[in-house]
Amino acid sequence: MAPRPRKRVSRPKPRSSRGGGGGGDEDPFFESEPKRRRGGGRDEDIESDDSDLDGVPAGAVGEDGEEAGNEEEEETAGEKKIRLAKEMLKKVTEAAKRREEDEEDEDEDEDEEAGGKRVAEILLRRQLEESGRKRRELASRVLLPDPQESFKILVKHRQSVTAVALSKDSDKGFSASKDGVIVHWDVETGKSEKYLWPSENVLVSHHAKPPLSAKRSRQVLSLAVSSDDRYLASGGMDRHIHLWDVRSREHIQAFSGHRGPVSCLAFGLDSSELFSGSFDRKIMQWNAEDRTYMNCLFGHQNEVLTMDALSKDRLLTVARDRTMHLWKIPEESQLLFRAPVTASLECCCFIDDKEFLTGSDDGSIELWSIMRKKPTHIIRNAHPVLYDNLSSLGNNSEENGIHKPGSVSSAQSWVSAFAARKGSDLAASGAANGSVRLWAIKPDSKGIHPLFDLRLDGFVNSLAIANSGRFIVAGVGQEPRLGRWGHVRSARNGVAIYPIRLKEENEDL
């Protein structure tokens, strides 16, 4: 603020007399004024100055009257600088905190986004695997077995086991033998319970036809369990398909229609439709829920041996005519695949809707594609001949209408059973020499290679792999499933189980 200027007091000049005479004639008004100023004018000026500088501190006025204002302005600027500095420091601190919080939020968002992507990928892969559009990778996770590990007998049978089956969740198993005994057992504990055959009158009341001989044969050759674990189907030498209630283990229905032994059975996935194959060369379709006959499929020229169902729309069968048929049920059509010249197909299984596997009586296994009429890959002598477990071989050229293989070598090495975890790259084959081999299936029909071998004593007549891929069960017997041309005295009739060790899959959600 600029200093206020001093107030200046003007002094009037004395007026001359009108007559122009000397100084005695001067006006007394003009004479008294200078006198007053000479006596008290100084104090008057000082008072006027003091009144004009009210509010200015005493002793703070300099020569130009600017010292007090400059000092006050410099002090205010310093305080302002300190205040601004404090405000700036506060803003910088708050901005740094906000930046840290934003970075933490961004990291959390990134982690959440990455976790969400991982969950989405896992769920998408599982959905694709369940729908069959993506093959589940199990073979790459299989660990080599310890030398001490081997098959363990889980359930004992009096005669050779001809068929084994697992429930959908693989916690229950079913097995049947040549003496007609059907056993329901727990995979974890091995506790078993038998299915009791009803009397002949009850069977007839359940729509079974009277037996051709005096006594009905109860020899079971095949088993199948429905996807909902409600029904168990058995077929055998009496030419009937018998339907059992899994919960009560009671016989509820008998389907008649085949004119030969029922050699194979299969339920469609997630369906109550049941397929049966027989030595009469026919494939028949049934509905277990409605307990009715649906259709009959013709195409094979010899005894049907094994079958596998991928869904209610697709069925795979092999027969003694050295052919394999892929049936398209809704279209009422079939694709025909012929075995190599030296082989006769014995067993088959689906991998997925585009590829499948077969085993032959010459010891070879074949990988097939729906796009080709010939095998895309063949492995010869898949189960090398081992004579140490061979006790004796029958000499009969024919037993129960089935011709025995031509030589000891083929009799002991032919592939008698095949199983695959559907929708995955893991499969297993069993042979008449008691060996079980696990296989890894390469994608896009590029081939198949062995993982490792397992040993059993006896004929491997049936195989099943758990849905989780963590164990395999085998039906073992002293005799082959469809005949009595071979006999291994040291073998134990029963169901053997082997745990498959897998690397843990990182799917933490």
Side-chain angles (χ1 to χ4, degrees), residues 135 138-140 142 264 300-302 304-308 310 314-326 334-386 403 405-454 459-463 465 472 480:
R135 187 173 293 177
L138 288 177
S140 60
V142 174
C264 49
H300 283 294
Q301 303 301 315
N302 210 329
V304 180
L305 299 179
T306 56
M307 65 169 50
D308 192 22
L310 185 65
R314 295 292 181 269
L315 182 69
L316 193 67
T317 59
V318 298
R320 290 281 185 197
D321 57 6
R322 300 178 58 250
T323 64
M324 175 174 59
H325 290 237
L326 177 62
Q334 54 184 297
L335 295 178
L336 178 63
F337 302 86
R338 296 192 179 277
V341 177
T342 60
S344 177
L345 302 179
E346 291 283 331
C347 51
C348 65
C349 69
F350 272 110
I351 300 172
D352 51 32
D353 58 350
K354 295 181 177 62
E355 292 182 316
F356 24 89
L357 292 163
T358 57
S360 303
D361 62 355
D362 64 349
S364 63
I365 64 173
E366 299 85 19
L367 175 65
W368 302 77
S369 172
I370 197 172
M371 305 303 295
R372 294 184 60 182
K373 291 292 186 179
K374 295 182 179 180
T376 60
H377 200 74
I378 300 177
I379 294 183
R380 306 288 182 185
N381 196 22
H383 294 265
V385 179
L386 298 174
H403 295 280
S407 66
V408 173
S409 175
S410 63
Q412 290 302 303
S413 65
W414 94 81
V415 181
S416 55
F418 230 130
R421 196 286 184 187
K422 291 182 177 62
S424 76
D425 58 352
L426 183 64
S429 62
N433 63 356
S435 68
V436 176
R437 177 169 281 190
L438 265 64
W439 303 89
I441 305 162
K442 298 179 182 178
D444 301 325
S445 302
K446 293 181 179 179
I448 179 173
H449 66 273
L451 295 176
F452 54 83
D453 294 336
L454 302 170
F459 291 86
V460 180
N461 293 323
S462 183
L463 288 173
I465 297 179
I472 181 174

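Just so you know, these numbers use all the heavy atoms, side chains as well, and skip hydrogens, waters and symmetry mates.
Side-chain atoms of Asp444 do not come within 3.5 Å of backbone N or O of Lys446 as any donor-acceptor pair. Counting only distance, with no hydrogens or angles, the side chain of Arg437 and the backbone of Ala382 share a donor-acceptor pair below 3.5 Å.
With 3.5 Å as the limit, one finds a donor-acceptor pair spanning the side chains of Ser435 and His383.
Note that the CZ atom of Phe356 and the SG atom of Cys348 stand 9.5 Å from one another [nearest 0.5 Å]. The distance from the CD1 atom of Ile370 to the CG atom of Leu316 is 10.0 Å, given to the nearest 0.5 Å. In this structure, the separation between NE2 on His449 and CD1 on Ile379 is 9.5 Å, given to the nearest 0.5 Å. With rounding to the nearest 0.5 angstrom, the OG1 atom of Thr306 is 10.0 Å from the CE atom of Met324. Interatomic distance, OG of Ser360 versus CG of Leu345, reported as 4.5 Å (0.5 Å rounding). Between Thr317 atom OG1 and His300 atom NE2 the span is 2.5 Å, to the nearest 0.5 Å.
Taking the side chain as every heavy atom from C-beta outward, Trp414 and Cys347 never approach each other to under 4.5 Å. Annotation: side chain of Arg421 is in contact with side chain of Leu138 (closest heavy-atom distance under 4.5 Å). Side-chain contact check for Leu451 versus Leu426: some heavy-atom pair is nearer than 4.5 Å. Taking the side chain as every heavy atom from C-beta outward, Leu357 and Ile441 approach each other to under 4.5 Å. Val318 is not listed as a side-chain neighbour of Thr323, based on a closest heavy-atom distance of 4.5 Å or more. Residues Phe452 and Leu438 meet the side-chain proximity criterion, which asks for heavy atoms closer than 4.5 Å. Between Leu463 and Ile472, some side-chain heavy-atom pair lies under the 4.5 Å cut-off. Residues Pro375 and Pro340 meet the side-chain proximity criterion, which asks for heavy atoms closer than 4.5 Å.
Relative to the ring axis of Phe337, Lys373 places its NZ or CZ within 45° and under 6.0 Å from the centre.
With sequence neighbours excluded, the residues satisfying side-chain contact (heavy atoms from CB on, under 4.5 Å) with Ser369 are Met371, Thr376, Ser445. Take Asp321 and apply the salt bridge (Lys or Arg N to Asp or Glu O under 4.0 Å) test, not counting sequence neighbours, and it matches no residue.
Considering every non-hydrogen atom in both Ala432 and Ser416, the closest pair reads N-OG, 3.9 Å. Counting all heavy atoms, side chain and backbone alike, Cys264 lies closest to Val304 at SG-CG1, 3.8 Å. The two residues Ile365 and Phe418 come nearest to each other via the heavy atoms CG2-CE1, 3.7 Å.
In summary, Asp425 and Arg135 do not engage in a salt bridge, as defined by a charged side-chain N under 4.0 Å from a carboxylate O. For the pair Arg322 and Glu346, the salt-bridge criterion is not met [side-chain N within less than 4.0 Å of a carboxylate O].
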**Asked** Run the side-chain contact (heavy atoms from CB on, under 4.5 Å) check on Leu326 and Gln334 step by step: do they pass?
**Response** CA-CA 5 Å; Leu326 177 62; Gln334 54 184 297; over 6 Å; no

